[in-house]
Amino acid sequence: MKIVTRFAPSPTGVLHIGGARTAIFNWLFARNNGGNFILRIEDTDQARSTKESEKEILESMKWLGLDWDSEPIRQSERTEIYKEYANKLLSEGKAYKCYVTPEQLQEKRKEAQEKGEYFKYKREWAEIGAAPDKPFAIRLATEDAGKVLVQDLIRGNIEFDLKEIDDFVILRADGFPTYNFAVAIDDFDMGISHVIRGDDHLTNTSKQILIYDALDLGKPKFAHVSMILGEDKAKLSKRHGATSVIEYKNDGYLPEAVLNYLVRLGWSFGDQEIFTKDELIEKFNLESIGKSPSIFNPEKFLWVNSWYIKNRPTEEIAEKIMPLLKERGYKTEPDITLLKVIKELRERSETLNEMVEKSSYFFTNDFEYDENAKNKFLTEDMIPIFQKVIEKLTNLENFTHDPIHNAFGKVMDETELKLGKIAQPVRVALTGGTKSPGIFEVIEILGKEKTIERLNKATRLCSR
RNA sequence: GGCCCCAUCGUCUAGCUCGGUUUAGGACGUUGCCCUCUCAAGGCAAAAACACGGGUUCAAAUCCCGUUGGGGCUACCA
């Protein structure tokens, strides 16, 4: 059997963390089995669906490296297909027209709730307000007793009692299918072999099975994954901070890190934490997906990202960081200097954005001096020492790490000061603060001209 | 409320399918130490969990039942 999976977002917002993980699981399962991965846009809710949102979801998918086979399919363009199936059910008496308006139903529902009663749609209401020209919805005629069995690859067999299930609407008065109907039809029509989705759809699955049985269609296999929760164990939402893929992209996360972190939320492979994309494709399986919900942990996510910041090729980091540098007005090219800056800063940054923030003094002379650092380290007694450093560095022909180190050694000998006593003030002079890569590395990257210039400026700041 | 799902360190998880090999392993975070020109990175170490109660069994984190807790669904939304 050909493995075909799908990701079916509704274009009513951004691609969020939970949706992204569902997409990743489906994509991985398809790729692992040499199958197809299909993207289906569930835009049957005309009021809430937007093109912009669809575009953004597609962009997020591309950014994550989740490629799909064949063109994305939009449910809004398939209404005729749904109608056909609905009519088939109608003609077979497995579905019927219902003229009760949503408003009338809302009222009945409210009444029942006020009496503390369980609300269930009753078939005899269907004809209320019936007239030849009145709009109607189509409902599936379901049995009153019996069970529906959901066979889940992750959770095993789950039974739902039919007395809990309404004659639910499959085709709305506006001619659009409801979610459950469109999904069932599409999954069949598109030859989906495995439906991997959040367990918030478990009850929907029972309804979809009812549709398949009424139509006598073959069913896909189902795998319901537990949801991703926020730190307070509530469903992940905006108030838990960033929840969309795009936000993480904008915050300086790498797509590999997002992929890696999310796939490990609910799935594992022994003790392994870091996976390349190829490894994931090779190792991913449904059996190792856990049943319990997982809590989204920003700290671990940050750690995964910092791992990729440290380990991705320098050229790749350079390419990604250049637009960010440009935004700040730092003219830069992918030259040796940028590569050196990245080499030093990647050990100290958890995100690309942080790396940019920490790199300003490499690209501009116009950086701020930290007030405390200035007061503590740029003091009058430093003037002769800075002069010695300037003197030794000026004489250097080969302005690289080791000669610079030697130059400092000479200053240490002559002043009888320890390196720390010299390096820290120099650091403040060159970077404006007390935290930076190793001082010899900083000096090498800055080059002779800028280093001397800044030491001179610092000397002036010392004499106040 | 009803129905459904879930339950190992604070968090992600290994182990559970096929009960003994477990003083329950790894990772993030936390704390301490080492390294050290600062900050990091790195190394080493520590604290930290089988929700509870019953069974079954010679033996249970592993199997069964219940309780509790958490989550989801309960629309002519998806």
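Letters go in sequence order (proteins before strands), and every chain restarts at 1. In what follows, every heavy atom counts, from backbone to side chain, and hydrogens, waters and symmetry copies are set aside.
- The partner of B:U38, taking Watson-Crick or G-U wobble pairs whose two distances both stay under 3.5 Å, does not exist in any strand shown.
- Nucleotides B:U23 and B:A41 are separated by 35 Å at their P atoms, to the nearest Å.
- As rounded to whole Å, 10 Å separates atom P of B:C4 from atom CD1 of A:I158.
- A close approach under 4.0 Å does not occur between any side-chain nitrogen or oxygen of A:S226 and OP1 or OP2 of B:C5.
- Residue order along RNA chain B, read from the 5' end via each residue's closest nucleotide, puts A:E159 first among A:K300 and A:E159.
- If you check distances only, the side chain of A:E273 does reach the base of B:G26 with a donor-acceptor pair under 3.5 Å.
- Ring geometry for A:W125 versus A:Y121: interplanar angle over 60°, hence perpendicular rather than tilted (30 to 60°).
- Between A:E54 and A:R74 there is a salt bridge, with a side-chain nitrogen of the basic residue lying less than 4.0 Å from a carboxylate oxygen of the acidic one.
- When each of A:D213, A:D152, A:D187 is paired with A:K219, the salt bridge (charged side-chain N to carboxylate O under 4.0 Å, His left out) condition holds for A:D213 and for no other.
- Nucleotides B:C77 and B:U31 are separated by 49 Å at their C1' atoms, to the nearest Å.
- Residues A:Y261 and A:Y253 place their aromatic rings such that the two centres sit no closer than 6.0 Å.
- The separation between A:Q113 atom CD and B:G2 atom P is 15 Å, rounded to whole Å.
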Where protein sits on nucleotides 65-78 of chain B, one letter per nucleotide: B base, S sugar-phosphate only, - none, heavy atoms under 4.0 Å
------SSS-SBBB
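- Taking the ring centroids of A:F7 and A:W27, they lie at or beyond the 6.0 Å cut-off.
- In this structure, A:R123 forms no cation-pi arrangement with A:Y96, as its terminal cationic atom is not both closer than 6.0 Å to the ring centre and no more than 45° off the ring axis.
- If you take NZ of A:K421 and P of B:U36, they are 18 Å apart, rounded to a whole angstrom.
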Quick one, give me the B/S/- string for nucleotides 38-52 of chain B, reading 5' to 3', where B means a protein heavy atom under 4.0 Å from the base and S means that only happens at the primed atoms, P, OP1 or OP2.
BBBS-----------
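- Aromatic ring centres of A:F25 and A:F284: separated by under 6.0 Å.
- Separating the P atom of B:G20 from that of B:G15 is a span of 13 Å, rounded to the nearest Å.
- Computed from coordinates, the A:N297 CG to B:U30 P distance equals 11 Å when rounded to whole Å.
- Nucleotides B:C65 and B:A78, compared at atom P, are 37 Å apart to the nearest Å.
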Pick out the pairs of N or O atoms, protein on one side and nucleotides 14-18 of chain B on the other, that lie under 3.5 Å.
unit_1 : atom_1 : unit_2 : atom_2 : d
B:A14  : OP1    : A:S268 : OG     : 2.8

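- Looking at heavy atoms from C-beta onward, A:L446 lies in side-chain contact with A:F362 at the 4.5 angstrom threshold.
- Residues passing the side chain to side chain contact (heavy atoms under 4.5 Å, CB included) test with A:Q424 are A:F377, A:R427, A:T434, sequence neighbours excluded.
- Residues satisfying the side chain to side chain contact (heavy atoms under 4.5 Å, CB included) criterion with A:Y179, sequence neighbours excluded, are A:E42, A:V183, A:R197, A:H201, A:N204, A:Q208.
- Remark: A:K207 is positioned above the aromatic ring of A:F168, its terminal NZ or CZ atom under 6.0 angstrom from the ring centre and at most 45 degrees off the axis.
- Within 4.0 Å (heavy atoms only), A:G266 reaches sugar-phosphate atoms of the nucleic acid but no base atom.
- A:N260 places its CG atom 15 Å from the P atom of B:A27, with the value rounded to the nearest Å.
- Of the candidates A:T431, A:I445, A:L345, A:P437 forms a side chain to side chain contact (heavy atoms under 4.5 Å, CB included) with just one, namely A:L345.
- Taking atom CD of residue A:Q272 and atom C1' of nucleotide B:C28, one finds them 16 Å apart after rounding to whole Å.
- Taking a pair to require two hydrogen-bonding distances under 3.5 Å in either a Watson-Crick or a G-U wobble arrangement, B:G19 remains unpaired.
- Straight-line distance from the CZ atom of A:R264 to the P atom of B:C28: 11 Å, rounded to whole Å.
- Under the ring pair (Phe, Tyr, Trp, His ring centres under 6.0 Å) criterion, A:F29 pairs with A:H194, not counting sequence neighbours.
- Nucleotides B:G69 and B:U22, compared at atom P, are 36 Å apart to the nearest Å.
- Comparing the P positions of B:A24 and B:A51 gives a spacing of 14 Å, expressed to the nearest Å.
- Only the P atoms considered, B:G43 is 12 Å distant from B:G29, to the nearest whole Å.
- One atom, CD of A:E231, and another, P of B:G29, lie 14 Å apart when rounded to the nearest Å.
- Nucleic acid contact for A:F440: base, since at least one base atom lies under 4.0 Å from a heavy atom of the residue.
- Taking atom P on both nucleotides, B:U67 is separated from B:A45 by 45 Å, rounded to a whole Å.
- B:G1: Watson-Crick or G-U partner is B:U74, with both key distances under 3.5 Å.
- Pair assignment for B:C44: B:G32, on the basis of Watson-Crick or G-U wobble contacts that are both within less than 3.5 Å.
- With B:C28, B:C6, B:C3 as the candidates, the nucleotide lying closest to the side chain of A:R155 is B:C6.
- Centroid-to-centroid, the aromatic rings of A:F296 and A:F301 come within less than 6.0 Å.
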